[in-house]
2 protein chains.
Amino acid sequence: MENKENILKVALDLFSAKGYDGVGIQEIVEKAGITKPTLYHYFGSKRGLLESLIEQYFSRFYDVVKTAAIYTGDLPLTMTNITRAIFVFVSENRDFYRMYLSMCFSSPDSEPYAAIHKYNIDLYLVLEDLFRKASKDHGNMRNRQKRYAFTFLGMINNYVTLYLGNFIELNDEAIFLAVHQFSHGIYS
Amino acid sequence: MENKENILKVALDLFSAKGYDGVGIQEIVEKAGITKPTLYHYFGSKRGLLESLIEQYFSRFYDVVKTAAIYTGDLPLTMTNITRAIFVFVSENRDFYRMYLSMCFSSPDSEPYAAIHKYNIDLYLVLEDLFRKASKDHGNMRNRQKRYAFTFLGMINNYVTLYLGNFIELNDEAIFLAVHQFSHGIYS
DNA sequence: AAGTTAGTATACCGATCGGTATATTACTAA
DNA sequence: TTAGTAATATACCGATCGGTATACTAACTT
């Protein structure tokens, strides 16, 4: 099983640096010190390798967000918790999150976009659900859950992108800014 | 010259839909109804074709932003003008902006990222310059021009992405939200 | 001990990749 | 009229693409 994990590690490395389409199977197996049939034994195809990568990391990311998104009646607090949880996850999984962001923004007919899309839907459902519940306490939010979920994550990803470019740190100030900027957009 | 423009049109179509790496030269020339040597006569290489595409559209985008970013002492007004100008440009160049966004978020060692990077630097300089000038009137903004330029454009692109997914329209409400959300992040 | 299975390598597949050598046509400049 | 140039096509290049047929080995199962 050591080979399998090594392939995943090398693939994440290369995909995040050069993009899915920019990396060949040959390059992956060479860097992993194995041969093609070994890779195909574990993952079946290049697409299968990508899906395994996503499954491995995104399931944890999803759990992290879902756990932080439990609504207890205090929406700003919940949003702060989500933002902090995502920032921690990003800090611990820089390469994956870089690849994830590039996949989210990749072309709609490309393999990477198709691979990440269904996972994203689940993620957005968690946030939409949060805003739906909160809308019972904030009447002016109704029927805007989808837009809120999207712009909230977008705000977070703005700061994450700055972090990935080494322009800022993901500290409490960044959490505060992301949450309050977004809040201003919903409450007014 | 009709062929050259047709190649650019077809290439933008395919690149924006399937990504630069996901489109072959053969596919472009077939869809354009020509052959390879014609394409290579005009653009020299696949990369050259991409650069021509960027040059053609980005120079107009840059002008649009630069014109709107002239600072007259009223920062909220200037930001509103920039946001409106970008929204208009996006409405008129959906495919290009889709491709542009995907290039901005593509992997750092990929060709698309390298191709768009130097243009982005110029664009950000325009915004940094605006915030630098405005900081004389708002003391607490000093030395944060880079972060402001980035998060301001990020905010705009959040709404643009919602628009490209047909979730919202780029109307005055969207302009108001983008500007005021961002302002709340700077002034507080 | 015999059969089965997982894991791995060598060597190969057809298809497609970006790119080009050569030739031809059509127009332009002298 | 002639020389040169821009624009195009046919046919091809070596390299790389994702993927596999075959065989071997080692371990586990019965």
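Only this structure's heavy atoms are used, side chains among them; waters, hydrogens and symmetry mates stay out. None of these values were measured; they are calculated from a predicted model. First the proteins, then the strands, lettered A, B, ... as listed; each starts at 1.
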Presence of A/H41 side-chain N/O under 4.0 Å of C/dG7 phosphate oxygens OP1/OP2: yes

B/D129/B/R132 ion pair, N-O < 4.0 Å: yes

Any residue meeting side chain to side chain donor-acceptor pair (under 3.5 Å) with B/Q26, in chain and number order, not counting sequence neighbours: B/E30

Is there any protein nitrogen or oxygen under 3.5 Å from a nitrogen or oxygen in nucleotides 17-19 of chain D, and what are the pairs?
{"residue": "D/dG18", "atom": "OP1", "partner": "A/V23", "partner atom": "O", "Å": "3.4"}
{"residue": "D/dG18", "atom": "OP1", "partner": "A/K46", "partner atom": "NZ", "Å": "2.7"}
{"residue": "D/dG18", "atom": "OP2", "partner": "A/I25", "partner atom": "N", "Å": "2.8"}
{"residue": "D/dG18", "atom": "N7", "partner": "A/K36", "partner atom": "NZ", "Å": "3.1"}
{"residue": "D/dG18", "atom": "O6", "partner": "A/K36", "partner atom": "NZ", "Å": "3.4"}
{"residue": "D/dG19", "atom": "OP2", "partner": "A/Y40", "partner atom": "OH", "Å": "3.1"}
{"residue": "D/dG19", "atom": "OP2", "partner": "A/K46", "partner atom": "N", "Å": "2.8"}
{"residue": "D/dG19", "atom": "N7", "partner": "A/K36", "partner atom": "NZ", "Å": "3.1"}
{"residue": "D/dG19", "atom": "O6", "partner": "A/K36", "partner atom": "NZ", "Å": "2.6"}

Separation of C/dT16 C1' from B/E30 CD (nearest whole Å): 11 Å

Partners passing side chain to side chain donor-acceptor pair (under 3.5 Å) against B/Y119 (at least two apart in sequence or in another chain): B/E55

Any pair counted as side chain to side chain donor-acceptor pair (under 3.5 Å), so long as it reaches residues 79-93 of chain B, sequence neighbours left out: B/R60-B/N93

Between C1' of C/dT10 and CD1 of A/I34, the distance in whole Å: 15 Å

Minimum-distance nucleotide to A/P37 side chain [options: D/dA21, D/dT8, D/dT10]: D/dA21

Residues in side chain to side chain donor-acceptor pair (under 3.5 Å) contact with B/K18, at least two apart in sequence or another chain: B/E27

Residues that A/K31 engages under side chain to side chain donor-acceptor pair (under 3.5 Å), provided they are two or more places apart: A/D13

Under 4.0 angstrom between B/T38 side-chain N/O and D/dA9 OP1 or OP2: yes

